[in-house]
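These numbers come from the heavy atoms of this one structure, side chains and all, not from hydrogens, waters or symmetry mates.
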Amino acid sequence: MFEVSVCPKCGEVNFPAFDSDKVCHCTWVGFLKRPRRLFFEVSDSLFQDHSKQRQAHMSIGINEFDYLYWYEKFFKNCDQYDNNLFKEHLQNNQQRDLCLKQRLDEQASRPTVKCPYCGSLRTTKISTSSRVASSLTLGLASNKIGKNYQCNDCKATF
């Protein structure tokens, strides 16, 4: 049995919901209080329907889809949920999808350099100032001359 949670202030949906996520961190409500999330139990058949519907609606973002799907199933008929905030919450979830897409595109556009010795992708580019400082202190014995990257795992320079 799963649960879905929604913040009544910002409309953030968590599915499956975590027990530790009782409050949302979107805003303060009163003195040292955060808005409490609303929790709804999801049956196995509803979970399977959610998965099938998600496959059919891959063109919209995951946050927007989850919000629209669970709004129809639970939020619309809940007394504790303010239906007047539907458009605002939908825009918030669309914005979350846009931010997620931008972060994923940014990560995909970063070049990844693989260490030829250990195969790790955790590499950093050796800065020009680091190369100059190493050359000035060690001279021709510097291991950074002619090298561009350093592996963060095995510390090899290549």
Side-chain angles (χ1 to χ4, degrees), residues 1-40 42 47-71 85-158:
M1 192 66 85
F2 294 100
E3 283 186 324
V4 62
S5 70
V6 63
C7 173
K9 296 290 182 192
C10 71
E12 180 183 26
V13 175
N14 284 341
F15 177 73
F18 302 106
D19 290 335
S20 61
D21 247 1
K22 300 287 186 208
V23 295
C24 184
H25 300 287
C26 64
T27 183
W28 292 98
V29 180
F31 182 69
L32 296 177
K33 287 188 177 180
R34 297 212 183 254
R36 294 195 58 80
R37 293 181 170 277
L38 304 175
F39 286 85
F40 304 92
V42 178
F47 174 72
Q48 290 172 355
D49 183 54
H50 174 268
S51 299
K52 287 178 188 173
Q53 292 291 325
R54 179 63 191 145
Q55 293 299 321
H57 296 92
M58 292 298 285
S59 61
I60 63 174
I62 186 73
N63 292 309
E64 181 182 0
F65 170 77
D66 278 349
Y67 179 74
L68 289 171
Y69 183 83
W70 297 121
Y71 178 81
L85 298 175
F86 172 78
K87 286 185 179 178
E88 180 184 336
H89 290 178
L90 184 59
Q91 288 175 345
N92 289 346
N93 283 292
Q94 289 170 339
Q95 185 66 31
R96 286 186 195 97
D97 282 331
L98 182 63
C99 291
L100 178 64
K101 184 181 182 315
Q102 287 173 346
R103 274 189 272 147
L104 290 174
D105 289 346
E106 182 182 307
Q107 285 179 347
S109 67
R110 284 190 205 147
T112 55
V113 178
K114 188 175 180 181
C115 175
Y117 302 106
C118 70
S120 172
L121 293 175
R122 295 185 54 220
T123 58
T124 54
K125 186 161 178 56
I126 299 172
S127 66
T128 305
S129 58
S130 171
R131 233 181 286 181
V132 169
S134 178
S135 297
L136 289 175
T137 56
L138 299 173
L140 292 175
S142 171
N143 66 343
K144 294 182 181 178
I145 295 176
K147 314 286 178 147
N148 292 324
Y149 293 94
Q150 180 174 5
C151 178
N152 294 340
D153 290 336
C154 69
K155 305 299 182 205
T157 54
F158 52 96

Has the side chain of H57 got a donor or acceptor atom that lies under 3.5 Å from a matching backbone atom of I62?
no
If the condition is salt bridge (charged side-chain N to carboxylate O under 4.0 Å, His left out), which residues does K22 pass it with, not counting sequence neighbours?
none
Nearest-0.5 Å distance, CG of residue N148 to OG1 of residue T128
9.5 Å
Considering residues at least two apart in sequence or located in another chain, which fulfil the side chain to side chain contact (heavy atoms under 4.5 Å, CB included) criterion with L104?
L100, Q107
Nearest heavy-atom pair of Y67 and L85: which atoms, and what distance?
OH-O, 4.5 Å
Quick one: are K114 and Y149 in side-chain contact, heavy atoms under 4.5 Å?
no
Listed by chain and number, what are the ring pair (Phe, Tyr, Trp, His ring centres under 6.0 Å) partners of F47, not counting sequence neighbours?
F2, F15
By side-chain hydrogen bond (donor to acceptor under 3.5 Å, both in side chains), which residues pair with Q94, not counting sequence neighbours?
E64
Apply side-chain contact (heavy atoms from CB on, under 4.5 Å) to residues Y117 and T157 and explain how you reach the verdict.
CA-CA 10 Å; Y117 302 106; T157 54; over 6 Å; no
Could you pull out the closest heavy-atom pair between V13 and D66, with the gap in Å?
CG1-CB, 4.2 Å
Could you tell me whether the side chain of C24 reaches within less than 4.5 Å of the side chain of E12, counting heavy atoms only?
yes
Excluding sequence neighbours, so at least two apart, what forms side-chain hydrogen bond (donor to acceptor under 3.5 Å, both in side chains) with S142?
S134
By side chain to side chain contact (heavy atoms under 4.5 Å, CB included), which residues pair with S127, not counting sequence neighbours?
S129, S130
Whether K147 engages the ring of F158 as a cation-pi pair (distance to the six-membered ring centre under 6.0 angstrom, angle to the ring normal within 45°) should be assessed.
no
Taking every heavy atom of W70 against every heavy atom of H50, the minimum-distance pair comes out as CZ2-CD2, 3.5 Å
Residues forming a side-chain hydrogen bond (donor to acceptor under 3.5 Å, both in side chains) with R131, sequence neighbours excluded
none
Sorted by chain and number, sequence neighbours left out, side chain to side chain contact (heavy atoms under 4.5 Å, CB included) with K101 holds for D105
On a heavy-atom basis, which atom in C10 and which in R96 lie closest, and how many Å separate them?
SG-NH2, 3.4 Å
In short, P8 meets H89 closest at the heavy-atom pair O-CE1, 3.4 Å
Checking A133 now: which residues fulfil side chain to side chain contact (heavy atoms under 4.5 Å, CB included) with it, not counting sequence neighbours?
none
If only atom types and distance count, is the side chain of D97 paired as donor or acceptor with the main-chain N or O of N63 below 3.5 Å?
yes
Can D49 and Y69 be counted as having a side-chain donor-acceptor contact under 3.5 angstrom?
yes
Test of understanding: with side-chain hydrogen bond (donor to acceptor under 3.5 Å, both in side chains), list the residues that count as partners of S120, not counting sequence neighbours.
D153
